[in-house]
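Residue numbers start from 1 in every chain, and the chains themselves are labelled A, B, ... in the order their sequence lines are given, proteins ahead of strands.
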Number of protein chains: 2
Amino acid sequence: MFAIGEASRQSGIGIETIRYYEREGIVPKPERASNNRRMYATQDIGRLRFLKKCRDLGFPLADARTLLELSEGDSEDCQSVKDLAEHHVLNVREKIEELERLEAALTELTANCDSGNVSCPMLSQLRTL
Amino acid sequence: MFAIGEASRQSGIGIETIRYYEREGIVPKPERASNNRRMYATQDIGRLRFLKKCRDLGFPLADARTLLELSEGDSEDCQSVKDLAEHHVLNVREKIEELERLEAALTELTANCDSGNVSCPMLSQLRTL
DNA sequence: CTTGATCCTGTAGTGGCTACAGAAGTTATA
DNA sequence: TATAACTTCTGTAGCCACTACAGGATCAAG
């Protein structure tokens, strides 16, 4: 059994975040030692590591929670997992596209910006109707 | 002079957001009519439109504020504008790269997911150490 | 016995809005 | 003129997913 600091080190999730996950009911409340300190079993650490990976993959916390539940459920509902992940990947692609549009727009706006300019072309552009 | 609803329509910024910008000191407090309602001059609307464009380009609000100040300053400090924009575009590129890594990882994880699977390969992967 | 690390609870802050509640005023129609 | 519907006002709370305290208790090492 590990204290919260060790659980944090082993999972890569910050101490405050672990307590936050507990408050939010995303992980079950761990046992407490006689001194009231949280004690984490290997399985608890596994859950935290699982959540960490989901978050690193960009899943919203609610999705990470669902995935964890699916992972611990009786039947491995692969279809639900796939649906969740594909929905998420669509979001990711949308964000990529939007950022690429932004990048193009910004590059164009700054193209003619130079320290020698009397008036700034980017500001001019931002001021147009 | 326009009421806040009209200012919102002309700038594309929501009414609540306009009041928020005022609270935060991002735009100056507008005049008030005798009935205490905010009255926006054409110049005020111009500021809101400027901010809207900055936000649409993904600049953080603090940057948008700085750009607005640069735009209203005595000298058009084109170099500062350029620096801000280039720093922002670097951030955008970083985000794009991170999202592309996510996309690749997610695609790989879901590749072998099918409704016919007994155990879900994605969940297995998320459970590994 | 002291020092320093770790842990506890509870609360507040982050960014950038957004959504109320409840009151007051304005405008359009009957 | 009455009334309905719209707009605006202030103030507060919620969103996401943490993160950062404050102020106290406990623990391990020297």
Side-chain angles (χ1 to χ4, degrees), chain A residues 1-27 29-40 44-45 47-48 50-68 87-88 91-92 95 98-99 102, chain B residues 1-27 29-40 44-45 47-48 50-68 84 87-88 91-92 95 98 102:
Chain A
M1 302 285 272
F2 312 95
I4 197 169
E6 189 56 28
S8 168
R9 250 165 267 128
Q10 286 189 36
S11 65
I13 301 185
I15 291 177
E16 316 257 20
T17 306
I18 293 175
R19 290 197 279 244
Y20 167 73
Y21 285 177
E22 181 185 330
R23 277 201 304 282
E24 296 296 304
I26 288 152
V27 292
K29 301 194 175 196
E31 284 185 52
R32 295 285 182 133
S34 56
N35 56 12
N36 196 35
R37 294 188 175 192
R38 291 171 179 81
M39 297 303 291
Y40 294 88
D44 296 317
I45 312 255
R47 279 195 201 97
L48 293 172
F50 184 99
L51 289 172
K52 179 69 163 66
K53 283 193 194 133
C54 293
R55 296 291 297 126
D56 284 349
L57 284 167
F59 284 103
L61 193 50
D63 284 6
R65 176 187 192 155
T66 302
L67 287 170
L68 180 58
H87 183 255
H88 176 45
N91 278 340
V92 170
K95 276 185 194 148
E98 191 186 336
L99 288 173
L102 282 192
Chain B
M1 302 284 272
F2 310 95
I4 196 168
E6 188 57 28
S8 169
R9 250 164 267 129
Q10 285 189 36
S11 65
I13 300 185
I15 290 177
E16 316 258 20
T17 305
I18 292 175
R19 289 196 280 244
Y20 168 74
Y21 286 177
E22 181 185 331
R23 277 201 304 282
E24 295 296 302
I26 287 152
V27 292
K29 301 195 176 196
E31 283 185 53
R32 295 285 183 135
S34 55
N35 55 12
N36 195 38
R37 297 193 170 186
R38 292 169 179 82
M39 296 304 289
Y40 293 89
D44 297 318
I45 311 256
R47 279 195 201 97
L48 293 172
F50 185 99
L51 289 172
K52 179 68 163 68
K53 283 194 193 131
C54 293
R55 296 291 296 126
D56 283 349
L57 285 165
F59 283 103
L61 193 50
D63 285 6
R65 176 188 191 153
T66 302
L67 286 170
L68 180 58
L84 239 166
H87 183 255
H88 176 48
N91 279 341
V92 169
K95 276 185 193 147
E98 192 186 335
L102 283 193

Across the strands shown, which category fits B:Phe59 at heavy-atom distances under 4.0 angstrom: base, sugar-phosphate, nothing?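 The answer is nothing, as B:Phe59 stays clear of every strand by at least 4.0 Å.
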Within the 4.0 Å heavy-atom criterion, would you say B:Arg38 contacts the bases, only the backbone, or no part of the nucleic acid?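 Result for B:Arg38 = sugar-phosphate.
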Spacing of [X] atom [atom1] relative to [N] atom [atom2], expressed in whole Å:
X: B:Glu22; N: D:dG11; atom1: CD; atom2: C1'; answer: 14 Å
X: A:Asn35; N: D:dG24; atom1: CG; atom2: C1'; answer: 15 Å
X: B:Phe2; N: D:dT7; atom1: CZ; atom2: P; answer: 17 Å
X: A:Leu57; N: D:dA17; atom1: CG; atom2: P; answer: 15 Å

So, B:His88 side chain and B:Asp63 main chain: donor-acceptor pair closer than 3.5 Å or not?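 Answer holds: no.
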Any donor and acceptor pair, going by atom type alone, linking the side chain of B:Arg65 with main-chain N or O of B:Gly25 inside 3.5 Å?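 Yes.
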By nearest nucleotide on DNA chain D, pick out whichever of A:Arg55 and B:Arg32 is the more 5' one.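 By nearest-heavy-atom nucleotide position, the 5'-most residue is B:Arg32.
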What are the two closest non-hydrogen atoms of A:Ser11 and A:Ile18, and how far apart are they?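 Shortest heavy-atom separation between A:Ser11 and A:Ile18 comes out as OG-CD1, 4.3 Å.
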Could you tell me which non-hydrogen atom of A:Arg38 sits nearest to which non-hydrogen atom of A:Glu22, and how far apart they are?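 Here A:Arg38 and A:Glu22 meet closest at NE-OE1, 2.7 Å.
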Where the side chain of B:Asn36 is defined as all heavy atoms beyond and including C-beta, which of D:dC18, D:dA20, D:dC9 is the nearest nucleotide?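 Shortest atom-to-atom distance from the side chain points to D:dC9.
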With a cut-off of less than 4.0 Å, is there a side-chain N or O of B:Arg19 near OP1 or OP2 of D:dC9?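 Result: yes.
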Can you tell me if A:Thr17 touches the phosphate of D:dT19, counting only side-chain N or O atoms and a distance under 4.0 Å to OP1 or OP2?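 For D:dT19, OP1 or OP2 has a side-chain N or O of A:Thr17 closer than 4.0 Å.
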Go through DNA chain C in 5' to 3' direction and return only the first and the last nucleotide with some atom under 4.0 Å of chain B's heavy atoms.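 Under 4.0 Å from chain B, the extent on DNA chain C is C:dG16 to C:dT26.
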Determine, for B:Asp44 against B:Arg47, whether the closest basic-nitrogen to carboxylate-oxygen distance falls under 4.0 angstrom.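 Yes, B:Asp44 and B:Arg47 are salt-bridged.
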Would you say that more than 12 heavy atoms from the other residues, nucleotides or ligands in this model lie under 6.0 Å from the CD of B:Glu6, or not?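 Correct, the count exceeds 12.
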